[in-house]
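Below, read A as the first sequence line, B as the second, and so on, with proteins coming before strands; counting in each chain starts at 1.
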Amino acid sequence: MNLNFACKYPFTEEGKQAIIENEIQISDEIAEKGVKRIVAALNREYRPANPVHISDQLIEIGSYGAARMLLAHLKNRYLINKFAIAEAKKASYLMGSENEANLEKLRKELGVLPQEFEGRMVLPIEVYVRFTPKSVDYRLINRNVKGGFVEITPREVIRLMEEGVKMRVESVGRFPNAPEVIRKNSERLMKLVPRTAPSKMSFKEGDNPPCIEKLLETAKKHQNLGHQGRWTLVVYLINKGMPYEKILQIFSNFPDYDERIASYQIKHAIKREYSMPSCSMMLSYGLCIANCKIGNPLRWKAWKQKKQ
Amino acid sequence: MEAEKAMIRKLFSEYYGQAKVEVPFIEQREFGVGGFRKKIESRHMSFATDEALRNYLVQDSPLFISHSIAYYKYPEATPMENKEWLGGDLIFDLDVHAGMFLTPEEIEGVTNDAIKLEDVLKEEFGIKEGEITRVFSGGRGFHIHVKSPQFRKINGDERREIADYVSGAGLDLSKFFEKMDKYRIMGPKRSDWGYRGRFCRIIQETLKEKPSKIHRGLKKGEEKNKVLSCMEDGNWSRSPIKDIVERTIKVAEKEMRLETVDVDTGVTIDTKRLIRVPNTIHGSTGLVAKKLDNFKGFEPYRDALAFDSGLLKIKATQDLSAQDFANSTMEKIKKGEEKEVPKSYGTYLILKDAAILV
């Protein structure tokens, strides 16, 4: 068990082993560090810590474990997703300058194992689609695909590994009967969480076409949405006459929400008076899920009423 | 309609008495059956063996029977979460929107699509011949079942990526190009795979056959060769034509659409889908959802008949045009006219509400 590795990548088996072998207990100090770790995630502080002394490394690993326990106890999807994004970004930063032996270890653990096919670096299609980031550039249709494989670069492998880390950290189990130190620090944590999250979102069912419903559902579940999805959602809501404050409230549900940036983007979109993309544009963005054949998502309500 | 229903059930039962209906890993599949009201009237059924399924089909003769694309630990359990999903086949549904009968052009179109899809699955997805099951749907198209272990565990979103790849949904040719700096544009190369490779092949063909389609200046050999050389290493800045990217995209776009296959994405992405059991009868047509060795040369109204011999006396409830069916041409039938027709044809018309029994 390599303590340095476990400290850098606490989500790995090595991280788990470190906790067991060193009998790391969730003390007040470690639980507080766990709270700090989550708050740092909320504040989008993605620079990894770099403890040198063994005792500090053990506390660092313990803080990850404590953070997971806090999140499992709270079962707050918003916090879990924010935390997962932060841990994934930290890992990705470290992987960028990692030695090959450690990278190989991580690739094996996450299941992102490139191979060679016809002289190119590739991933099997089923692995590729599992770890694909929500970005147009990574859509299978825009990639080199042959013989069951997708061509990939070393930099893209790390990007997919980042997704793998996010998926792993997001998967938080149940934690009934949390000890007092966790319950106490959970309360402390919730006092530090910004009041904008999680927001209420209420829409009458059937008011929006399936593509928009899916985008709204993603927000409701505090899951992240790619740039195209967010832009489309904001343009749709503006075109539906939703006021700025309500749109901001919806966007506050996204785990990487930054009020300053979201506010600027929404105001900019309002000012520019963007038209809602057509259904065929939605299809090209990868956002169409139902092929309603109504031409434009804004026509949904009228089309439904006509159908009735 | 009661006489018709009884006759149909009897015919179906007779068919199942001699038909070969086998479902791989049957004990892990959920089944759903339907009748005259709808295709799936009840589900959460399971059968331990093919023999048990066959006995049920002979006895109960449902109009429709489907099995899950999924493999479950407890296929008969409810609700769905209790079944414990173990994985699922990858399914593609190709359909054509037709009138009462498919026209020869529609049959040819959907057959070509099925062949195209099969080629993509083999060449680009690496799927082996033995992992593909080709099935006529019994209605207006085909189903392709892919049983490759590597795709068994993929979820709905991941299946969507594959369905979108096949159907060309979201294909944006401008994404194949990237401006590296003020002077350099990198784009697809001849050696590229997938849609990028296809793009280059189309442009290469166009440069060979009709270069003026891209730009009239490309009629000159030297200029044409420069564009061809762009596709050697993907450096499109080498082209003498300033807007070569936009021009080639415009030319390739239409051709690329022809290379895509219109599949029903909803079927592919649904990991709990029920799909018609191969070699059973489709209750809206009386045709067999026949397992095929090959799509080419298949004629549904000749090769998918469940009831070979015998005649049926029917009365048309609407005007019926002449139609090729069962190796003959069925004559026109006027509304209200009574006629003796081959059993398969008569059953087809009755199930389509175009005739009644006399």
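Ranking A:Arg130, A:Glu118, A:Arg120, A:Met282 against chain B, the residue ahead of the rest is A:Arg120, based on heavy-atom pairs under 4.5 Å. Interface check for chain A: of the options B:Asp172, B:Asp164, B:Ile154, the most heavy-atom pairs under 4.5 Å are formed by B:Asp164. Of the listed residues B:Gly194, B:Ala169, B:Gly266, the one with more heavy-atom pairs under 4.5 angstrom with chain A than any other is B:Ala169.
Residues A:Glu156 and A:Arg143 are paired through a salt bridge, judged by an N-O separation under 4.0 Å between the basic side chain and the carboxylate. Between B:Glu246 and B:Lys250 no salt bridge is recorded (no basic side-chain N to carboxylate O distance below 4.0 Å).
For B:Ser191, the parts sitting under 4.5 Å from any heavy atom of chain A are the backbone and the side chain alike. At a 4.5 Å heavy-atom cutoff, the contact between B:Asp157 and chain A is made by side-chain atoms alone. Neither the backbone nor the side chain of B:Arg159 has a heavy atom closer than 4.5 Å to any heavy atom of chain A.
Proximity of a side-chain donor or acceptor of A:Trp231 to a complementary backbone N or O of A:Gln265 within less than 3.5 Å is not detected.
Contact annotation for residues 116-130 of chain B against chain A (heavy-atom separation below 4.5 Å, listed by residue number): B:Glu123, B:Glu124, B:Phe125, B:Gly126.
The salt bridge (charged side-chain N to carboxylate O under 4.0 Å, His left out) test applied to B:Asp270 returns B:Arg273, not counting sequence neighbours.
Aromatic pair A:Phe117/B:Trp193: ring centres closer than 6.0 Å. Taking the centre of each ring, B:Tyr195 and B:Tyr165 come in below the 6.0 Å mark.
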- [ ] Determine, stepwise, if the pair A:Lys214 / A:Glu217 fulfils salt bridge (charged side-chain N to carboxylate O under 4.0 Å, His left out).
- [x] CA-CA 5 Å; A:Lys214 180 140 195 234; A:Glu217 192 65 31; over 6 Å; no
